[in-house]
There are 2 protein chains.
Amino acid sequence: MQNITVALDAMGGDFGPRVTVPAAVQALSHFPELKVILIGDQNAITTQLSLLGYQPNARLSIQHADRVISNTEKPSLALRNHQGTSMGTALDLVADQQADACVSGGNTGALMALSRFKLKLLPGIERPALISALPTAAGNRTWMLDLGANVSSDADSLFQFAVMGSALVEQYLPSPPRVAILNIGAEEIKGNDLVKRCAEMLENTRSVNFVGYIEGNQLLHDAADVVVCDGFVGNVCLKTCEGTAQLFIDKLKSSMMSSSIKDWIARKLFSGLFNELKTLNPDQYNGASLLGLRGIVIKSHGNADVDAIINAVGEALHEVKRQVPSRISDRLEAVLLERHY
Amino acid sequence: MQNITVALDAMGGDFGPRVTVPAAVQALSHFPELKVILIGDQNAITTQLSLLGYQPNARLSIQHADRVISNTEKPSLALRNHQGTSMGTALDLVADQQADACVSGGNTGALMALSRFKLKLLPGIERPALISALPTAAGNRTWMLDLGANVSSDADSLFQFAVMGSALVEQYLPSPPRVAILNIGAEEIKGNDLVKRCAEMLENTRSVNFVGYIEGNQLLHDAADVVVCDGFVGNVCLKTCEGTAQLFIDKLKSSMMSSSIKDWIARKLFSGLFNELKTLNPDQYNGASLLGLRGIVIKSHGNADVDAIINAVGEALHEVKRQVPSRISDRLEAVLLERHY
């Protein structure tokens, strides 16, 4: 069995070592092939390990880092000032091939800027993109990118997102992923210049299974496997899904928490449905990938709990095994060849 | 009591006179001050009226129009070719002051282009915007604009949207509406140039109660009364709310439809909750206003049913009574004065 080493930014996210350390320890028993390097304040990490009665060993080591990049720090400042930070050090380990992937719940903008700087972009890629899976009505998944790695994009970038998303998702499906562009109407005449130009490029690319435009109301309804949009739209859209789902779950929950006997019966009857509805909350998924880099970087939610961080580590392992960056590279090369001849 | 005449495009929407005619007849009994002019194919309208045992009278008249603008027609073509169409004629009646407002469920792009052409923009407005109310967790409403009247916007337009939204919504609230910009983060450093420049303008405008940025997940959670965004983002976001809400309602419904006795009890217990959840579906609201024009135009959903069209007519009456266009004009003038001195 191949060992896979994940550099886990122990200080990233809202809860730091209190959550990342137990997550690392539990991930080790979940994934026998896993080795973890915890990066951050050595004292804080050691304290959390002791609370769990756990010691550093051949599969879990600590790399001290003095500083943490805050959530409000500008990416440009992080780029100048990353020496000795937990995020910067985690990415250095990947760049130096001491780790196979990096997982961080820290500042998204800084993670993207530092990843680009330290790991470099794949040839042919102008901007990395953040991709994640959303649950669908039929119990499948739809992957969406960009979820906010960029605040604006041009048609070339959007086209590259489509190619990268397709290369990632084809591993999970028996047939070529259906790739769609998120738009304000399904008709060809609808949309802004950005989506129209990207659609034209995709229509002329046989190696991507482009199925046209989809609208926001089809997003969770299995209309496509990969949905492409610019980072501003993707981020707003994902968070809108989360907020709407949360509202429904809260209503159901408050109805179930009500104290009358009638509701007690209902609560028993509906707990299965409640659990099913919870899985429709996109926030339950964790581990968005930063695609387009010469290395594997997984962004964990800032407020991820232990289970969510374990999911993010699982995503990292998966991408290492499938060699996602070189898959994307191969796919891009094929598309470029196709477009030139 | 002041009579208010609404020009109803009887052909617009997916169902045409089969739905618009019964809606007009029912609206007349709902709103004693209402007069309706039904515009469209005279035979089709008369047939539907006869089915209801209803005759044209002092409160309901028919204006024949030969043609219908299809949903796939480009706005530019509609602009050249609007003579004798039901939508064009309805707007002419408003322009000629034979009607106080127009309601149409037809092609949104064409409605926006023709409204601009026939009614003209208010002074100081560069682009009209589509605004509608969304239901919130606390049972209130949040108004959002632009919902897709424009496929792209500049900071000046976004700023004007904020002023127009505030002028519309202040009628409904006891205190000045909280106006927010939809963004990908709540921190000042987040977002693209568009939102940052608009935020700067709003921060320097005392007559708008600007409360900063909100993210997609706060949209239905009472964080602001007016949410401003460009038309592409707004349209995708609204439809994403609708799609997510629909998914939850479908799950609950299918669970309630299940045939076992256990579920029969649950169905009885949960029908109240189900009805409450349905009201959280933004699609239940109907009657988005096109703001920024020298006249009142209400866009009804293409697939609106009788009740939804009655809501749209109600919205038209409301805006006529409140003289929304001149309110917006006054508000804009105040803002311009404030910015110049």
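Chain identifiers are assigned alphabetically (A, B, ...) following the order of the sequence lines, protein sequences preceding nucleic acid strands; residue numbering begins at 1 within each chain. Just so you know, these numbers use all the heavy atoms, side chains as well, and skip hydrogens, waters and symmetry mates.
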In the structure I gave you, are the side-chain heavy atoms of [X] and [Y] within less than 4.5 Å of one another anywhere?
| X | Y | answer |
| --- | --- | --- |
| A:Phe248 | B:Leu247 | no |
| A:Thr240 | B:Thr244 | no |
| B:Phe232 | A:Val195 | yes |

Distance, nearest 0.5 Å, that separates NZ of A:Lys239 from CD of B:Gln218: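 The distance works out to 9.0 Å.
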From A:Leu194 atom CG to B:Ser152 atom OG, the distance as rounded to the nearest 0.5 Å: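 With rounding to 0.5 Å, CG (A:Leu194) is 10.5 Å from OG (B:Ser152).
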Option in A:Asn150, A:Leu219, A:Leu182 with maximal non-hydrogen atom pairs under 4.5 Å from chain B: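 Between A:Asn150, A:Leu219, A:Leu182, the count favours A:Leu182.
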Salt bridge (Lys or Arg N to Asp or Glu O under 4.0 Å) against B:Asp225, all qualifying residues, sequence neighbours excluded: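 Only B:Arg178 meet the salt bridge (Lys or Arg N to Asp or Glu O under 4.0 Å) criterion with B:Asp225.
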Test side chain to side chain contact (heavy atoms under 4.5 Å, CB included) applied to A:Ile184 and B:Leu238, B:Val151, B:Val233, B:Thr108, the passing residue: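 Per the side chain to side chain contact (heavy atoms under 4.5 Å, CB included) rule, the option paired with A:Ile184 is B:Val151, out of B:Leu238, B:Val151, B:Val233, B:Thr108.
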More than 12 heavy atoms of other groups within 6.0 Å of B:Phe117 CZ: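 No, CZ of B:Phe117 has 12 or fewer neighbouring heavy atoms, counting only those of other groups under 6.0 Å.
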Over 12 foreign heavy atoms within 6.0 Å of CD, A:Glu200: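 At most 12 heavy atoms, drawn from other residues, nucleotides or ligands, come within 6.0 Å of this atom.
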Qualifying ring pair (Phe, Tyr, Trp, His ring centres under 6.0 Å) pairs, either residue in residues 140-160 of chain A, two or more places apart: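 Listed once each, the pairs are A:Trp143-A:Tyr172.
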